[in-house]
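First the structure, in the form of structure tokens, and then the observations on it.
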Amino acid sequence: MSEPTVFTRILNGEIPGDIVAETDRVFAITDINPQARVHVLVIPKTQEYRDVAELAAGDPTLLAELVEVAKSVAADTAGGEFRLIFNTGAGAGQTVFHVHAHVLAGDLEEKSLID
Ligand code: 5GP
């Protein structure tokens, strides 16, 4: 068994985290360092997939569930429009190797696509 990731520890209540949505297999938390008015991380409860490429290959249905939860969070908080980002690999800015989608929404007009 690998060490629990920071997200698993939040899910288990071992460290604080603001869980804003949850399904059987997915949960969503507010990012601790928000980059937009709405910045939520949507995360599979399992930590077996390190990044979105592994998730797409291993469980595409779970990836689709992640997108559904992202859509629902954006609908509840920002009129339903959102940007979905999966940093994939350290060189692309990934720091937590437990796949997660960044949902950015609200007041994005002046932000670059690749910020
Ligand atoms: P990555 O850089 O891997 O794409 O994204 C990791 C994200 O997790 C970052 O945006 C970072 O702010 C967030 N993060 C790291 N540690 C914590 C934490 O303890 N709580 C919360 N809510 N977010 C965290």
Side-chain angles (χ1 to χ4, degrees):
M1 257 305 263
S2 54
E3 286 293 303
T5 66
V6 64
F7 300 147
T8 296
R9 297 182 68 210
I10 290 171
L11 179 66
N12 291 342
E14 292 164 19
I15 56 175
D18 180 21
I19 297 182
V20 296
E22 185 169 4
T23 66
D24 283 353
R25 298 213 292 163
V26 173
F27 67 110
I29 60 173
T30 306
D31 197 290
I32 204 169
N33 181 25
Q35 304 299 308
R37 182 173 66 73
V38 175
H39 187 169
V40 167
L41 304 173
V42 184
I43 310 161
K45 290 183 176 176
T46 176
Q47 65 173 54
E48 71 183 287
Y49 304 108
R50 287 168 53 86
D51 59 43
V52 69
E54 285 192 5
L55 177 60
D59 192 341
T61 302
L62 183 54
L63 175 56
E65 285 181 35
L66 234 61
V67 176
E68 272 303 308
V69 172
K71 176 181 154 189
S72 161
V73 166
D76 291 346
T77 57
E81 298 187 328
F82 60 101
R83 192 175 293 167
L84 198 60
I85 295 171
F86 292 90
N87 294 326
T88 306
Q94 187 175 3
T95 57
V96 180
F97 293 87
H98 173 170
V99 60
H100 53 282
H102 294 256
V103 182
L104 299 175
D107 311 325
L108 295 177
E109 301 79 16
E110 293 175 15
K111 299 237 176 191
S112 157
L113 262 183
I114 58 168
D115 271 354

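Residue numbers count from 1 along this sequence. Model, not experiment: these values are computed from the prediction. Counting starts at 1 for both ligands and their atoms, in listed order.
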Practice item. Would you check if the side chain of D51 reaches a backbone N or O of A53 as a donor-acceptor pair within less than 3.5 Å? Key: yes

Study note, to complete from the structure: In terms of its nearest heavy atom to atom 4 (O) of ligand 1, the top option of R9, H102, H98, H39 is H102

Exercise for review: Flag yes if I43 and I19 sit in one hydrophobic cluster, no otherwise; membership is Ile, Leu, Val, Met, Phe, Trp, Tyr, and two members link when side-chain heavy atoms are under 4.5 Å apart.
Suggested key: yes

Practice item. Considering only non-hydrogen protein atoms, determine which one is nearest to atom 19 (O) of ligand 1 and report residue, atom name and distance to 0.1 Å. Key: V6 CG2, 3.5 Å

Point to revise | Check: V96 main-chain N/O paired with Q94 side-chain donor or acceptor under 3.5 Å | key: yes

**Study point:** R9 side, atom CZ; H98 side, atom NE2 - distance, nearest 0.5 Å
**Key:** 13.5 Å

Exercise for review: Could you pull out, from V99, T30, I19, I32, the option with a heavy atom nearest to atom 15 (C) of ligand 1?
Suggested key: I32

Point to revise | Output field: ring centroids H100/H102 closer than 6.0 Å | key: yes

Review point. To which protein heavy atom is atom 1 (P) of ligand 1 closest, and what is the distance rounded to 0.1 Å?
Key: H100 NE2, 3.2 Å

Exercise for review: Report yes or no: do V99 and V26 belong to one cluster of Ile/Leu/Val/Met/Phe/Trp/Tyr joined by side chain heavy-atom distances under 4.5 Å?
Suggested key: yes

Revision key, fill the gap. The protein heavy atom nearest to atom 3 (O) of ligand 1 is T95 N, 2.7 Å

Check your understanding: What is the closest protein heavy atom to atom 10 (O) of ligand 1, and at what distance does it sit?
Key -> D31 OD2, 2.5 Å

Exercise for review: Evaluate whether atom CD of E81 has more than 12 neighbouring non-hydrogen atoms of other residues, nucleotides or ligands under 6.0 angstrom away.
Suggested key: no

Check your understanding: Does G93 have a heavy atom less than 4.0 Å from any atom of ligand 1?
Key -> yes

Check your understanding: Does P44 offer a backbone N or O that forms a donor-acceptor pair with the side chain of T46 under 3.5 Å?
Key -> no

Revision key, fill the gap. re atom 20 (N) of ligand 1, the protein heavy-atom contact at minimum distance is I10 CD1, 3.6 Å

Practice item. Just let me know how L41 lines up against ligand 1, side chain, backbone, both or neither, with a heavy-atom cut-off below 4.0 Å. Key: side chain

Review point. Judged by non-hydrogen atoms, does F86 sit under 4.0 Å from ligand 1?
Key: no

Exercise for review: With heavy atoms under 4.0 Å as the rule, classify the contact between Q35 and ligand 1 as side chain, backbone, both or neither.
Suggested key: neither

